[in-house]
Amino acid sequence: METPPRLTDPRALTRNRNRARPDALFLHEIAVGEAEDRLSMVNKTFTDVAVVTPFPRIWQSAFADATVVADTPVLQLTPGAHDLVIHALALHWADDPVGQLIQLRHALKPDGMALVLTLGGQTLHELRASLAQAETEITGGLSPRVLPMADIRDLGGLMQRAGLALPVADSAPLNTTYATPLHLMRELRAMGEGNALAARLRRPTRRAVMMRAAQIYAETFGTDDRRVAATFEMITLAGWAPDASQPQPLRPGSATHRLAQALGTDETSLKD
């Protein structure tokens, strides 16, 4: 099997997460609420739940009886043991997201549900654009600073590639504001979402770059109350381990009734 390209520096990611403050994990609190809301609409009782998360405490409080494992490249999940597996706001840091989803499918019982909450491509687009423009202006180059994230269409396709049936994907933008761009950057570090890209610069960013980025950000994405806007796109993916009980598409030409009969109207043949 071909090794996926290395996106993340695992040591830096672990360091960043270890420094996270519990009071800054509001995205995980929102994700917990989203998961609970989605599951309340499913006409099924789940008894063997697993959660994949870098922050077990917040998810364990919501799913007290769940098996909680870290989002390592090889997930510590028992094959065929669970009727629900939640991948909790960590897929955006995975070097091999398809591999993560395949492991979720393998951990599910037949007709078990995979529920994935992750950050999507619109996340921090304001910060990404401002840093890129500032660095290009001042240094003439560009370095990786904000994690690239997949859009909803790509993520929906990954569910199918992983062999999950009946996939559903939707997106909810979370519009937040901060006093300044520097306050936003400090908040990202407090969330454990600082730069852990493998290709990042290993030296401090020049002050001139940061000051110019803050200026561009405020000018371009400032709000009427003199704050700055920041977007977090929460994407929710749901799919099921294949099972014979699930709805199956009919073969083309296998219909036993005409559409006109179903609509209660006369059928008109088209002329050649």
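Along the sequence shown, residues are numbered consecutively beginning with 1. Predicted model, so just to flag it, every value in this text is computed and none were measured.
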> Donor-acceptor pair, Ser130 side chain versus Leu127 backbone, under 3.5 Å?
Replying inline: no
> Restricting to pairs with a member in residues 133-142, which pass side-chain hydrogen bond (donor to acceptor under 3.5 Å, both in side chains), not counting sequence neighbours?
Replying inline: Gln133-Glu137, Glu135-Ser143, Glu135-Arg145, Glu137-Arg212
> With no hydrogens and no angle check, is any side-chain donor or acceptor of Asp95 less than 3.5 Å from a backbone partner on Thr8?
Replying inline: yes
>> If the condition is ring-ring contact (aromatic ring centres under 6.0 Å, His included), which residues does Phe55 pass it with, not counting sequence neighbours?
In response: His28
> Under 3.5 Å, side chain of Glu126 to main-chain N/O of Thr231, donor-acceptor pair present?
Replying inline: yes
> Hey, is the main chain of Arg11 close enough, under 3.5 Å, to the side chain of Thr14 for a donor-acceptor pair?
Replying inline: no
> By side chain to side chain donor-acceptor pair (under 3.5 Å), which residues pair with Asp71, not counting sequence neighbours?
Replying inline: Arg17
> Remaining members of Val209's ILVMFWY cluster at a side-chain heavy-atom cut-off under 4.5 Å?
Replying inline: Ile138
> Which one of Val68, Thr53, Thr67 satisfies the side chain to side chain contact (heavy atoms under 4.5 Å, CB included) criterion with Gln60?
Replying inline: Val68
> Are any of the side-chain heavy atoms of Thr180 and Val228 separated by less than 4.5 Å?
Replying inline: no
>> Let's go through Glu233 and Ser171 carefully: what are the C-alpha distance in whole Å and the side-chain angles of both, what is the deciding distance for side chain to side chain donor-acceptor pair (under 3.5 Å) to 0.1 Å, and is it a yes or a no?
In response: CA-CA 7 Å; Glu233 183 185 18; Ser171 167; 2.6 Å; yes
>> Checking one residue: Leu164. Which other hydrophobic residues are in its cluster under the side-chain 4.5 Å linking rule?
In response: Val52, Val69, Leu75, Leu77, Val85, Leu91, Val98, Leu101, Ile102, Leu104, Leu108, Val116, Ile152, Leu155, Leu158, Met159, Ile235, Leu237
> Minimum heavy-atom separation for Ala165 to Pro242, with atom names?
Replying inline: CB-CA, 4.4 Å
> Ala35: what forms a side chain to side chain contact (heavy atoms under 4.5 Å, CB included) with it, not counting sequence neighbours?
Replying inline: Trp59, Phe63, Leu115, Leu117
>> With a 4.5 Å cut-off on side-chain heavy-atom distances among I, L, V, M, F, W and Y, is there a chain of contacts connecting Val168 to Met234?
In response: no
> Salt bridge or not for Lys44 and Asp111, using N-O below 4.0 Å?
Replying inline: yes
